[in-house]
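The next block holds one structure in the form of structure tokens; read it before the comments.
Below, chain A is the first sequence line, B the second, and so on; all start at residue 1.
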Amino acid sequence: MPRITLPDGSVKAYDQPVFAFQVAQDIGPGLAKAALGCKIDGVLSDIGSLIASDCELSIVTAKTRDGALDDDALYLMRHSCAHVMAEAVQRVVPGVLLVYGPPVENGFYYDMYVPEDRPISSADFEAIEKEMAAIAGEDRPFARYDRPVAEGVEKLKDEGSKYKLDNAQRAIEAGSAELSWYTTGEPGKDWEDLCRGPHVPTTGRIGAFKVMSVASSYWHGDADSDRLTRLYGITFPDKKQLDEHLVRLEEAKKRDHRVLGKQLKLFYIDEAVGQGLVLWAPNGTIVRRELEAFILSELIRQGYQQVCTPHIGKLGLYKTSGHFPYYQNSQYPPLIHQEQMRVLVRDGCSCAELANLLREGDIDGYLLKPMNCPHHIKLFDSEPHSYRDLPVRLAEFGMVYRWEQSGEVGGLTRVRGFTQDDAHIFCTEDQVEQELMGCLELVNIIFNTLEMKDYRVRVGLRDKDSSKYVGEMENWDRAEAACVAAAESLGVPFKKEIGEAAFYGPKVDFIVKDVLGRDWQLGTVQVDYNLPERFDLSYIGADNQQHRPVMIHRAPFGSIERFVGVLIEHFAGAFPTWLSPEQVRVLPVSDKFLDYGKEVCDLLKAHGRRASLDDSSERVQAKIRAAQEMQVPYMLIVGGRDRDARTVSVRHRREGDVGAMPLDAFVEALDDEVRSKGEATVLEKLQVPA
RNA sequence: GCCACCGUAGCUCAGUGGUAGAGCACACCCUUGGUAAGGGUGAGGUCAUGGGUUCAAGUCCCAUCGGUGGCUCCA
């Protein structure tokens, strides 16, 4: 009979099977009342679970002992709230069929088939929430019942939802011996859903919730399959936490790079120019160029050579590389010269035929480059190479153009024209590991300098059962080992993912989250056995024989556009001084002191600082506010006292008024701050007693 | 590409089928000041674009373009 071990190590023994709820009751009625579920031998379960054998048991409540929100509790509430939302939707909108409603990070969703003549829109949220509140108010129990597979399938067939039947069949394929339902209330009478659970005890325990958004999705995530409606919601143990979450979301929206980009005049996207085509304003261009200069200085230190190549190349080049037509639906269509077009028309080529020629690539033309590698390969191949030359590392901030789907383009994170911090390393097999290390070292240096700690690393390895990969298997093994070793050297969490390798080689990807919690892949480092083959690249080895080099593609920050977008959010617009478009603004307290202000400003400019003078006839308070809104790191307030003593009164955008210091000392301290990229700061100097 | 929502001044947003609005920004005037908005006056609009309904459309309908969220995709 069950002996139940509790988290504190104590044991409760029962002489017959016991419900987890009863155990909680025996520990204390308060705990039983607060219980949302339990963990039996580490498996999250209903508090109504019957325990028949020895186990470890912990009771899940909304808060952990240290008062934080309990992740398991949130999971139970989200999952349960999804059920309640689904029931509410079915009350509000007739004809809705349920598909799938899991908890997700930050909430839950429910996928549903919704009749086409009655789409769900945000106008329905209020009614849905009202029904949800009613269902929660009824406080009906989440009751589980199981059916043997065959009986369960019959039941689902009777119910007539192909989606639920499909879910069941998937569960059966995964090895389920039984199918389970959860009724909110009485089985056979109240609302129910095929579900493996677990759930909170009653509908009254789903917490404070809100329907967030509606979106479309596809059944099985397949764009050719049925289109479903996905309703997103969130829930928290109480209203206060929900409200706090909503406030956090609002705060996050203010840090959105699209909002800050406008506010700080960094970049614009104009529909007259084109969707996903970024116009970098002067301020944004400064950030970009500083970043590029920084990356470049590290590249040069690592032995890279900088190259420049054009934005277009002949179609044939991309046929050799394989980019065309393999990736043609994510490319701008080929460009054809008008003379050639004239000849085609003269020879009776119809629009349909022309479209076909373009699609098949059976035509001379140029392509806006979707990648930089073919150009770099041609540069490498423009002269013979000895093994003594290798590795050859060619770097370029190269702009590439890709036809992204219209629904996916937005801000700086997904664009149609972007600048890769690209380089291609041509090396021997033996040099691969060392070169990978170099790439990751670069990532390390740059993320550390920018104080970006919150990124993750994914190592994409081949699926050994698949035949889609090119290259020698032993080279793959070595390259994969090298990728893993290099990732380990970074000292940040990384995950190996089987089957995520490119067909031509393994890779290491860097992924960050934006302010709204969405993942973005920044850079990638990829080993490539394919292109050297396609372009018949070679070098002369020590044995005087021709050998095939290995290529490494690496764009550790992906695109400068996306990277700057991520950086804007990372710094919430307050770039470190070395990156700031405007580093100092001089604010004379009255225009009597404009002369001195100008002198200060000119001195800063002579030192290479990006400084400006606010000569408006505003009060100093207003000038501060204006500078503050543009996130200028240092404001120098100058008046009579400063002029007479040849000082500046320093105000920092975060620290506020930090006191006066001699002008020359400030200029020098700021030089140090910029030069050291923030390792030394003006503020530190000010804290040193005079 | 798919679904929902949205598009009004440079920006943020109001606007019941009946004369186009506010705040900020901008220009000019007054104010000459010491750490997050001093005061006044003024200018600024093909209400995304194109059709339609109506005596009358920013408002209702359709299409197109663009934006937002998610799905799909992402070499």
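Among the heavy atoms of the strands lying under 4.0 Å from Val214(A) is at least one base atom, whether or not backbone atoms are also near. As judged by a 4.0 angstrom heavy-atom cut-off over every strand, Gly322(A) is placed among residues making no nucleic acid contact. Within the nucleic acid shown, Glu618(A) comes within 4.0 Å of at least one base atom, counting heavy atoms only. Within the nucleic acid shown, Leu228(A) has no heavy atom closer than 4.0 Å to any nucleic acid atom. Using a 4.0 Å heavy-atom distance criterion, Leu516(A) is classed as a sugar-phosphate-only contact. Across all strands shown, Val409(A) has heavy atoms under 4.0 Å from sugar-phosphate atoms exclusively, and none from any base. The residue Ser406(A) sits close to a base: some heavy atom pair falls under 4.0 Å. As judged by a 4.0 angstrom heavy-atom cut-off over every strand, Arg227(A) is placed among residues touching the sugar-phosphate backbone only.
When the P atom of rU35(B) is taken as reference, atom CZ of Phe593(A) falls 14 Å away, rounded to whole Å. For the pair Leu249(A) CG and rG69(B) P, the interatomic distance rounds to 12 Å; values are reported in whole Å. Spacing between atom CG of Leu260(A) and atom P of rU12(B) amounts to 13 Å, rounded to whole angstrom units. rC3(B) atom P lies 14 Å from atom CG of Asp226(A), rounded to whole Å. If you take CG of Leu266(A) and C1' of rG10(B), they are 16 Å apart, rounded to a whole angstrom. Across the protein-nucleic acid pair, Trp219(A) atom CH2 and rG70(B) atom C1' stand 20 Å apart, rounded to whole Å. Lys253(A) places its NZ atom 14 Å from the P atom of rU12(B), with the value rounded to the nearest Å. One interatomic measurement links the two molecules: CG of Asp270(A) to P of rA48(B), which rounds to 16 Å at whole-angstrom precision.
Pair check for rA27(B) finds rU41(B); Watson-Crick or G-U wobble, both atom distances under 3.5 Å. For rU19(B), there is no paired nucleotide, since no Watson-Crick or G-U wobble pair has both relevant distances below 3.5 Å. Under the Watson-Crick or G-U wobble criterion, with both distances below 3.5 Å, rU53(B) has no partner in any strand shown. Of all nucleotides present, only rC3(B) satisfies the Watson-Crick or G-U wobble test against rG69(B), with each distance under 3.5 Å.
For Lys598(A), the NZ atom counts as loosely surrounded, since its 6.0 Å shell holds 12 or fewer non-hydrogen atoms of other residues, nucleotides or ligands. For Tyr163(A), the OH atom sits in a packed shell: over 12 heavy atoms of surrounding residues, nucleotides or ligands are nearer than 6.0 Å. Heavy atoms of other residues, nucleotides or ligands lying less than 6.0 angstrom from CZ of Phe125(A) number more than 12. Atom NZ of Lys513(A) has more than 12 neighbouring heavy atoms from other residues, nucleotides or ligands inside a 6.0 Å radius. Surrounding CD of Glu497(A) are more than 12 heavy atoms belonging to other residues, nucleotides or ligands, all under 6.0 Å away.
One finds a side-chain N or O of Lys592(A) lying less than 4.0 angstrom from the OP1 or OP2 phosphate oxygen of rG33(B). When the side-chain nitrogen and oxygen atoms of Ser122(A) are compared with OP1 and OP2 of rA4(B), none of them lie within a distance under 4.0 Å. Close to rU12(B), at under 4.0 Å from its OP1 or OP2, lies a side-chain N or O of Lys262(A).
Nucleotides rC60(B) and rG18(B), compared at atom P, are 11 Å apart to the nearest Å. rA9(B) and rG52(B) have their C1' atoms separated by 28 Å, with the value rounded to a whole Å.
The pair Arg414(A)-Glu404(A) meets the salt-bridge criterion, with a side-chain N (NZ, NE, NH1 or NH2) lying under 4.0 Å from an Asp/Glu carboxylate O.
A heavy-atom distance below 4.5 Å is found between the side chains of Phe108(A) and Thr235(A).
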Verdict with supporting geometry, His553(A) and Tyr504(A), ring pair (Phe, Tyr, Trp, His ring centres under 6.0 Å): CA-CA 11 Å; His553(A) 306 247; Tyr504(A) 49 77; 5.7 Å; yes
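Under the 6.0 Å cut-off for aromatic ring centres, Tyr634(A) and His652(A) qualify, their centroids lying closer than that.
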Could you pull out the protein-nucleic contacts involving nucleotides 71-75 of chain B (nitrogen or oxygen on both sides, under 3.5 Å)?
unit_1  : atom_1 : unit_2    : atom_2 : d
rC71(B) : O4'    : Ser216(A) : O      : 3.0
rC71(B) : O2'    : Tyr218(A) : N      : 3.1
rC71(B) : N4     : Glu408(A) : OE1    : 3.4
rU72(B) : O2     : Gln405(A) : NE2    : 2.7
rU72(B) : O4     : Glu408(A) : OE1    : 2.1
rC73(B) : O2     : Arg414(A) : NH2    : 2.9
rC73(B) : N3     : Arg414(A) : NH1    : 3.4
rC74(B) : O2     : Arg414(A) : NH1    : 3.1
rC74(B) : O2     : Arg414(A) : NH2    : 3.2
rA75(B) : O4'    : Tyr327(A) : OH     : 3.4
rA75(B) : N6     : Ser330(A) : O      : 3.2
rA75(B) : N6     : Ser330(A) : OG     : 2.2
rA75(B) : N1     : Ser330(A) : OG     : 3.3

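You won't find any donor-acceptor pair under 3.5 Å spanning the side chain of Ser213(A) and the base of rG69(B), going by distance alone. At a cut-off of 3.5 angstrom, the base of rG34(B) holds no donor-acceptor pair with the side chain of Asp657(A).
When each of Gly274(A) and Gln628(A) is assigned the nucleotide of RNA chain B bearing its nearest heavy atom, the one mapping closer to the 5' terminus is Gln628(A).
If you check rU68(B), rG34(B), rU32(B) against the side chain of Arg258(A), the one that comes closest is rU68(B). Taking the side chain of Gln621(A) as heavy atoms from C-beta on, and the options rG38(B), rU32(B), rG69(B), the nearest nucleotide is rG38(B). The side chain of Arg518(A) sits closest to rG70(B) out of rG70(B), rG66(B), rU31(B).
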